[in-house]
Each structure stands twice: as C-alpha cells, then as structure tokens.
Amino acid sequence: MRHLPAPGLLPRTAMTTEFRPTEIDPKWRARWAEQDLYRTPEPSDRPTFYCLDFFPYPSGDGISVGHLRNYVPTDVLSRVMRMRGYDVLHPMGWDAFGLPTENAAIETGRHPSDLTREWSANYKRQLDLAGGSYDWAREINSTHPEYYRWTQWMFLKLYEQGLAYRATGLQWWCPICGALANEEVNADGTDWRDHTDITQRELTQWFFKITDYADQLIEDLEGLDWPDETHAAQVNWIGRSDGADVTFTAETGDEIPVFTTRPDTLFGATFMVLAPEHPLVGRVTTPDRADEVQAYVAAAARKAELERVALDDDKTGVFTGGYAINPVNGERLPIWIADYVLMSYGSGAIMAVPAHDERDFDFATRYGIEIRTVIAPPDWDGEALSEAFVGDGPMVNSGQFDGLSVKDGVRAVTEWLRDRGKGDFAVNYKLRDWLISRQRYWGTPIPIVHCDDCGEVPVPEDQLPVLLPYVEQIDPQKLGGRSPLEAADDWVNAPCPDCGMPGRRETDTLGGFACSSWYFLRFCSPDEHENAFDSNAVRRWMPVDLYVGGAEHSVMHLLYARFWTKALRDAGVLDLTEPFQALRHQGLMLAQPGWVEESALRIDSQGGARVADPDGADAFDNPEAAQPFRRYPLEARFELTGKRAQRNGQALVEFRITKMSKSWRNVVIPDEVAATAGGDALRCFILFMGPFDRTLPWSDLGLAGVSRWLSRVWNIVLGQEMGGTRRRRAAYADVQVELQRRLHQTIRRVSNDIDALKFNTMVAALMEFTNFLIEVGDDDLRATPAWKRTIDTFLILLAPSAVFMAEELWERTGHSQSIHLQPWPEWDEALAADETFTLVVQVNGRVRDRIEAPVATDEASAQSLALASPRVQTHTNGKQLRKVIYRQGRLINLVVG
RNA sequence: GCCGGGGUGGCGGAACGGUAGACGCACGGGACUUAAAAUCCCGGGACUUCGGUCGUAUGGGUUCGAAUCCCAUCCCCGGUACCA
C-alpha cells in the first residue's frame, strides 16, 4: 500500500535535522527495555492506580489500529498518573485458550501451543510499536500451567460451595465449538464468535450457579462508575421480575403452577398455555385432541432443532381438550399449548390474560378466545378493547378487589392466594446458570475424576495442575466426534483420588471466560507460586481503577468476572465484592470512506466492488483531491454509494464507511503506520480523531495532519527555521508574560481533559500551543530562559502522547534522565489568568458587538462601554433600557423595549 | 417492539445555559521553486440591498439568552428479542 511520504524521507540541507520516527522509535524502545523503565513500583506509601485493558485474545491476524482505540488512551492515562506520583499497575497478558487458535491449529497442522506463543509475541511486538508502557515483567498467559493451575483451583473453590455442578438438559450446540452458554448465542441463532448456525441438543454439562448471585449482581452495580448502557445491559440480561406463583389445578387433579407479574389480572384469565415440552401436556390432553397435540409438540421440537430464524409474530397453538380451575373464581379455563411459552422460563406454563398482555391478546384474537377487561383504561366505557391495555387503572370485574390500583391489587390478590395456599410472592430471572463446559482441546482441564464408586471426585489441590496433555490430533471430525481429551487414553485413565480405583478424568475443558474471570487478580502478583494471588498485593491494587475494553463484552465477561469475584469472596479467599470500579468502552474504528478509480474495479450488481487491476486502485478523499490517500490492493473490496464523479477525466465512484475486515483488505495495521509515520503519529492521531468512546473512521490524511504537527513541534523545539516567515497575529505587551500565561492555560486544559478522558481536545490544546509557539518564537524570545522553561514543560505535557519524540527532544535539549520519569507540571491559576477579555455585548440576547475590556470590569463600566458602542446604539436608540444582565468576564445583555 | 447512544460546515469534530463551528482534514489564493513535491503565509457556514438576515434533524416550550434544559416528531447507530 502506498502512503504519503514520511516526513523523515524528505530531502533537507545538511545543517538541519528532521523528525525521523523510524530512527527514534527503535532507539528508545531498546533503551527503555534496557532501563526497565516501566517496571511496576515496589509497595510504597504513594497512592495506587490500576489501569487495565480487557484481556486480549491474541489471534493470527495481529492487532489493527482499531485495537489501539483501547490501548493508547489507557497508556496515556497510565503515563500521566505515573508522572503525577501514583504507583501505577498497567499490565498486559493473553487470554489465549480457545477456538480461534485451536481451529487454526487444525487447519495448519501445527500445535495450538506454538501458535499461542507466536501470536502473543506478535501482539506484544505490535503494542511496543505503539509505544505501550506495559510492565512486561508481569506478562501472563492463560494457557500456561502456572496460570491455569489456579483457574482449576478456583473451579474447586466454586465446586466446594456448590456453585459448580453438572446437569443434563437442552443446550445450544455449535457444530464447530460444541456447547455454548446462553450469552454466547446471537439473536439470529448463531454462535457469537464464529457466526455458525447452532442447534439445541440434550447434553450433560458443567455449570456455574451464577443465578444464586442474581440479586447481588444487580444491586452491586449501584456504586460503580460504569456506562449507563452497560449497567442497563447487565440489569436487562439478569432480567429480574417480581410477581407471584399461582397454583392452578387441572381437572385431572394435577397442579399447574404458573409465574405471573400481574396477579391483579387473575380474574381476566380466560385460558392457560403450557409450553409444548411441559411434562403435563400428555396428562391434560383429551383423547380426541391427542393427534393434533402430538403433531404440534413434534413440530415445536423440530423448530427448536432447526436454526432459529427470525421470529414471526404469528402465535400458534392447539387446544388440549383439558381444563384447569382458576383459584380466584373457580372458572374453568381451557388449556392450550403454544410455543410462545418457553419451558425454560418460570414454570413453563402461564395464565393467559388477553386483555392485559399483548401476546395473549394476539393469541386470543387468532383463536377466538374471550378477552375480559379487568383493569379499566382511562375513560373506559365498558366496551371490548381493541388492543391489550397494560397500563395502570382501577380493577374491575374482579369481585372484592374491584377499585384497587394495579400495585395494590398485585399485593392484595397475592396475599389472598397465600392465605389459601394457592400461591405466594415470587421472583423470576431471565438469567440462566453459566454453561462452562467445552468439548474441545485447547482449554483448562476441569479438575474432576469420575469414579464408579465415589462418583464425581475433585482432584486434590496438591495434585494441581491437571496438565493439559500434549495431543497431536485435536480435530474432533477425525476422532469420530469424540473430543480430543476423550481420545487421549493415557491421560483419561487416572486413579480415583478418594479410593484409588481406576477412574476417568473429566474430558470437558473450561470455556475461555473462566480464564478471564480472574486475570485481574493474577496481575497483582504474577510470580506468586504458592497461591493464585498474594492477598497483600490484591489489597494494594484492587479494585481496578479504570477498566477499558469493547462494549461487546457488556454482558458476558463483565457478568462472569463479577460473579467469580463474589464467589471467591464467599469462599473466603478474597476480600472484594466488585472488581472494576470504573469502566469505559472505546469506540470502534471503521475503514475510511472515499472515491476510487472505477476503471480498476470489478463492480457487481449489489453495489459492491473489488479491485480487479493487479496494480491496485487509487482512492481519493474527494474528487477534487490533489493526491490519493491510499492505493488499495488487488481484491480489496468496497461498498459503493452509487455517486460518480470525474477527476482529470478519470471516472471515480464513491464508497462508504465500512467495518475494517481482513477479507475486504481495508485493515490498517500498526506495523505499516509505525514504519512510515511512526508510533507517535499513530498514537496522537488515535487520540485526536474524536471522542474516545465514539465509533470513528480511520483517515490516512488525518494521520498525515498529525505527522505534520509533530514535525512542527520538532522544529520549533530545536529552534529550526521552517522555511516561512513567522508573523505575530497580535501585539503582546510582554511576550514573555503571555508565553507563561498560555503555558499555564495549556497545562490546565491538558490536565483537565485527561481527567475527563477527552484526549481529542487534549491534543487540540497541545496543537494550539504549538501554533502559538511558532507565532511568537522569534530569535529574541528563543534566547530567553523563559522560552527554555516553557519548552521543557511543553515536552512533559506532550510526553504521554508522543512518547518517542518527546524523549528524543528531551535528550537533545540537554536532559539526561528520561522525560517519562519527570513530574507532571502544575498550573498556577494566577499565572494562567487573562488580563483582558472579550466583552460580548448583546441587545435582547443577540450579539451586537465585542469589546476588549479588563477582566476586572464591573457591571457599571461594562454598561457604559456597551452603550458607547455605535453598533449597540443602532439597536438601543429610542428604546427604554429595561434590564441588564452582566456576567463578569463574559458578556453583558441589555434588554430594551 | 423494548433498552441505550447519537443527529452541528465539504469531512472528523469543538463549545460551565452566554462569541456556534476550537483543533485537524479537504479545498481555494499566495510565497519559495525551472517545475513539482514538501514547507511557510492567508482565506473559507449560507444568503445579503453590506444596514443586516438566517443557521446546530423537525415542530413547539422554558429563559434576558438554548447546539446545550423540557415536550412531541423524524432519522441513524449499537444491544436485545415471545422472559409471562
């Protein structure tokens, strides 16, 4: 791919030195590593700051610049906090067990452990290209026995508490990955990671009893500084519903419990519905309905096995012929079965109140079942409802409960039921237990031995780790459907830890989310050999002060890690309730839009296009652009908008913003940027491109702009002429005072912006200050000590962002100790204060003039200044001054009429 | 549907209820150059009778004053999906 020429490649005269990131970057990377510059400090009495990125999964593709939307901001913050005197923990490691590696191993015939080693080394190299200040002495890897030994140990801690158990049931099954947790299933019935279609199967699997913690997982969110969206996603996923269990009795005598959030509508129940899989379906079905019911049940089962296509809203069902008795009024309710009732929620049966539930309303309408209003809508005239009314109103047609509100009715009816043994208050959750079994090789072995006599026996702690055996053949397809560990006979056969008789090891492995549920603890003491973590170290660093990663983990990882933390706490091994105090999600990086040469493309009918020219295709920012921003290679793909234009007689077609995708050949990787513009331009552009939590397109031209800025910084700091004439835009009474003022204002802006994670405006402040330095930095000023002090401070402000260049300039301006060890500058409000301000003069709220005035100007003087202005007089003449609003140092508003 | 987040120049975006468009990109003009690139300087919201007028998705409202607060509507993005 072609790039704009790097600044370092430009011809220059011998006397000047230019900014050459490709020379500077490697020099400092090597020196910092040698000096161990980013070593986490030993315990001290300084305050601590734990800044953590989501545990990355190292893949064969390496990282793209999109990953750096996560890593660069946390790195900047870590650096600033260090300079502010905090002891900072900013570690990195690899969540490396799992399918992408395992599948690649099968495809390439290599072993996953080799791929893991290579891929994580590559990630590390790329993060260093981007100037990451990680303490690599703390690097951890979830696939190493010294790590997963403790994952196993924690599994046993959960097991001891009854929080890990095996159960048989219908589970989502991916033909590639095996069993999946509910959280890993997309709405369209595909696997969350590889998007293959999945089915349901009857399987015996390991689960963690996360449902025991449902309420805590909701309640403890309260004290956390988390994004609203993530807070909401967790609460919604847990899905707590408060209501009542109500017992209906079928005419066969069988009791049918149902859960409802609206016991107040019990008098409006006109039928019941059982899930097709409900165990009582056979009992309540009458002989004359049996054929139809059986056919429906079979069809529903088939539907569950087929891919779950987009739901059609048409609700179907069949009448069983059976009836149940409504406990509040003794009415006979026909019992139906329908697949809109799920066996997996509540009791798998509902009371249907069509007047006050949209689903029941649809069903009743379709099958001609009575719809009886029992909550009166506003201005209700007694007529039949045209749609379900789910709002509040007085109860009607409900016997002694008439007139109660929904809230009071819920309580009154439930208490009435409870007094008669027909029901009680109840809570239900959408959250299911966490399915943790995987029938694959590349994962943590579950430390359990199955023994004919003793049953399930945990492997004693002193026998951990249960090592994952080195297995050559890991392709389940070539093992006749058996999992690789099942086929490893030498490993599977193990004596029972209790009785010593031959037993068999558990052959399922733990899903990767187990590894990422405690790594933040391991980072506190990664070399601890006797325990999973050193309690003092955990007490020192935890909870994580700032946790940053993608919003796609809003439910899964964050919910699991929170549960795991609470479970360890309850096991008595951890004194912590919530692991992540503050959380943020970085925005996605998209591929940039533009215009591309039509003649080089092969265009399909769908508005898609691929580069067909072996030489590639030039892409332009717009049809008037002087230069292409990038040359896309053969087979690069575009989504066209349909707009066309000409550029020098060349036909261009517009393509839109899309995701970065390897198969589209539009992924920008840090390697190519570091090799041209350098790591600093990459970092600074990522910071500058926009708010850090917003999804934004990459821009090669934007990157070039930031490179130009860095070159200007380089030149002004080294006092090099830049080929043009400097011109002061304003006259300054004392340019040294002004220099100091602007510096202190910049320290304030940069510091405050960093605290607010507004890295884009932080860079803008540095750019503005650079522009100011260039404007005023003539030979006289540059010869003063004030200039020298200003440049020193400016470089420190720049250092967390432009890590290599700031260090190089620091050295070149005569410092011997690393700039990254310097204290963060403080600003002085008095020195930052302006002497004058622009008095904005409004008349009736509209700006009519702007007058430069001393900061201390009081209201009376401001008013005379304002009234003296001819431009103001035009709008006030002949009118009465009714009111004056004055904001000191800002504006005056004259209200006339 | 529901839950979150957004709609500001040609583009990415700035803006404690108080100068809308900082900073950057692109573009235009100029300097330098044999020329180009690079670099440097200058200029750009729209209309305008040059007084002003209109401009932050749309329509209302609160306020001396609204991109910002309130109500309604439209559109875009992300998540979710028959949870009784």
Side-chain angles (χ1 to χ4, degrees), chain A residues 4-5 7 9-12 186-188 227-233 235-237 239 241 243 258-262 273 310-313 315 338-342 344-347 349-353 357-360 362-363 428-431 551-552 554-555 588 592-593 620-622 624-627 629 685 688-691 693-697 699-706 708-709 711-712 715 721-727 758 760-761 763-768 771 774 838-847 849-850 871 874 882-885 887 890-896:
Chain A
L4 295 179
L9 302 177
L10 305 172
R12 283 285 182 143
N186 295 323
D188 61 355
D228 290 345
E229 54 182 302
T230 314
H231 187 119
V235 171
N236 291 342
W237 188 267
S241 291
V258 305
F259 173 75
T260 176
T261 55
R262 298 294 303 276
V273 187
L311 299 164
D312 54 56
D313 286 349
K315 292 178 178 41
D339 63 4
Y340 80 90
V341 173
L342 309 174
S344 54
Y345 185 79
S347 63
I350 62 161
M351 67 173 205
V353 185
D357 182 283
E358 284 167 18
R359 295 154 302 177
D360 298 346
D362 290 348
F363 193 84
N428 251 288
Y429 301 91
K430 267 166 46 172
L431 180 69
E552 69 275 14
S554 291
V555 172
L588 300 175
Q592 65 184 319
F620 300 85
D621 197 49
N622 59 57
E624 290 77 44
Q627 292 291 314
F629 62 78
F685 176 58
F688 179 64
M689 64 194 303
D693 57 356
R694 194 176 301 185
T695 293
L696 295 165
S699 165
D700 283 330
L701 291 167
L703 173 74
V706 170
R708 279 197 288 275
W709 166 57
S711 288
R712 287 199 303 274
N715 288 326
E721 292 300 338
M722 284 153 284
T725 341
R726 288 200 190 96
R727 190 170 306 165
K758 290 165 68 173
N760 54 330
T761 50
V763 174
L766 292 170
M767 288 174 167
E768 283 180 60
N771 292 342
I774 290 170
T838 306
L839 174 67
V840 173
V841 184
Q842 295 183 340
V843 178
N844 290 344
R846 308 180 68 118
V847 179
D849 203 358
R850 300 182 175 98
R871 302 167 55 110
T874 319
R882 300 195 183 279
K883 195 174 173 184
V884 177
I885 289 121
R887 293 284 173 270
R890 284 189 168 274
L891 61 68
I892 187 166
N893 186 9
L894 308 174
V895 184
V896 298

Asks: Under a 3.5 Å distance rule, please check whether N844(A) uses its side chain to pair with a backbone N or O of V896(A) as donor and acceptor.
Replies: yes
Asks: Can you tell me the base-pairing partner of rU58(B)? Count Watson-Crick or G-U wobble geometry only, both distances below 3.5 Å, and say none if there is no partner.
Replies: rA72(B)
Asks: Which is true for A626(A) with a 4.0 Å heavy-atom rule: it touches a base, it touches only sugar-phosphate, or it touches nothing?
Replies: sugar-phosphate
Asks: Below the 4.0 Å mark, does rG12(B) have OP1 or OP2 next to a side-chain nitrogen or oxygen of R694(A)?
Replies: no
Asks: Report the nucleotide, chosen from rG24(B), rC27(B), rA14(B), that has the shortest atom-to-atom distance to any side-chain atom of P691(A).
Replies: rA14(B)
Asks: Would you mind telling me which of rG24(B), rG5(B), rC27(B) lies closest to the side-chain atoms of N622(A)?
Replies: rC27(B)
Asks: Measuring only the P atom in each nucleotide, how far is rC2(B) from rC25(B)? A whole number of Å is fine.
Replies: 44 Å
Asks: Please give the distance between the C1' atoms of rU68(B) and rG18(B) as a whole number of Å.
Replies: 11 Å
Asks: Establish, with yes or no, whether the OP1 or OP2 oxygen of rA84(B) is under 4.0 angstrom from a side-chain nitrogen or oxygen of S241(A).
Replies: yes
Asks: Would you classify N760(A) as touching base, sugar-phosphate or nothing, given that sugar-phosphate means primed atoms plus P, OP1 and OP2, and contacts are heavy atoms under 4.0 Å?
Replies: sugar-phosphate
Asks: Taking any strand in view, what nucleotide pairs with rC47(B) in a Watson-Crick or G-U wobble way, both distances under 3.5 Å?
Replies: rG52(B)
Asks: Say you pick atom C1' in rC32(B) and the same atom in rA37(B); how far apart are they, in whole Å?
Replies: 12 Å
Asks: NA contact type, G705(A), heavy-atom cut-off 4.0 Å: base, sugar-phosphate, or nothing?
Replies: sugar-phosphate
Asks: Provide the Watson-Crick or G-U wobble partner of rU80(B), both distances under 3.5 Å; none if there is no partner.
Replies: rG1(B)
Asks: Taking only nitrogen or oxygen atoms into account, show me every contact under 3.5 Å that the protein makes with nucleotides 15-18 of chain B, one pair per line with its distance.
Replies:
from, atom 1, to, atom 2, distance (Å)
rA15(B), OP1, K758(A), NZ, 2.8
rC16(B), N4, R890(A), NE, 2.5
rC16(B), N4, R890(A), NH2, 3.4
rG18(B), O6, R887(A), NE, 3.3
rG18(B), O6, R887(A), NH2, 3.1
rG18(B), N2, Q842(A), OE1, 3.0
rG18(B), N2, N893(A), ND2, 3.3

Asks: Respond yes when some side-chain nitrogen or oxygen of R708(A) is under 4.0 Å from OP1 or OP2 of rA26(B), and no when none is.
Replies: yes
Asks: Is a side-chain N or O of D849(A) found less than 3.5 angstrom from the main chain of V841(A), in a donor-acceptor match?
Replies: no
Asks: Which part of the nucleic acid, if any, lies within contact of P593(A), taking any heavy atom under 4.0 Å across all strands shown: a base, the sugar-phosphate backbone alone, or nothing?
Replies: nothing
Asks: When rounded to the nearest Å, what value does the distance between C1' atoms of rC23(B) and rG4(B) take?
Replies: 30 Å
Asks: Using a 4.0 Å heavy-atom cut-off across all strands, classify V235(A) as base, sugar-phosphate, or nothing.
Replies: nothing
Asks: Given that both distances must come in under 3.5 Å, which nucleotide forms a Watson-Crick or G-U wobble pair with rC25(B)?
Replies: rG10(B)
Asks: RNA chain B: F259(A) or G702(A), which has the more 5' nearest nucleotide?
Replies: G702(A)
Asks: How should the glycosidic conformation of rG65(B) be described, syn or anti, under the criterion that syn lies within 90° of 0?
Replies: anti
Asks: Report the base-pairing partner of rA36(B) (Watson-Crick or G-U wobble, both distances below 3.5 angstrom), or none.
Replies: none
Asks: Looking at T838(A), V847(A), V840(A), which one forms a side-chain contact (heavy atoms from CB on, under 4.5 Å) with L891(A)?
Replies: V840(A)
Asks: When you measure from the side-chain N and O atoms of N771(A) to the phosphate of rG24(B), is any distance below 4.0 Å, counting only OP1 and OP2?
Replies: yes
Asks: Let me spell it out: for each of V895(A) and N236(A), pick the nucleotide of RNA chain B with the closest heavy atom. Which residue's pick is nearer the 5' end?
Replies: N236(A)
Asks: Hey, does the side-chain of K883(A) have a donor or acceptor N/O within less than 3.5 Å of a partner on the base of rC64(B)?
Replies: no
Asks: Between rU80(B), rG24(B), rA26(B), spot the one nearest the side chain of F688(A), thanks.
Replies: rG24(B)
Asks: Of the listed nucleotides (rC25(B), rC23(B), rC3(B)), which one gets closest to any side-chain atom of A232(A)?
Replies: rC3(B)
Asks: So what does A233(A) hit on the nucleic acid, given a heavy-atom distance under 4.0 Å: a base, only sugar-phosphate, or nothing?
Replies: nothing
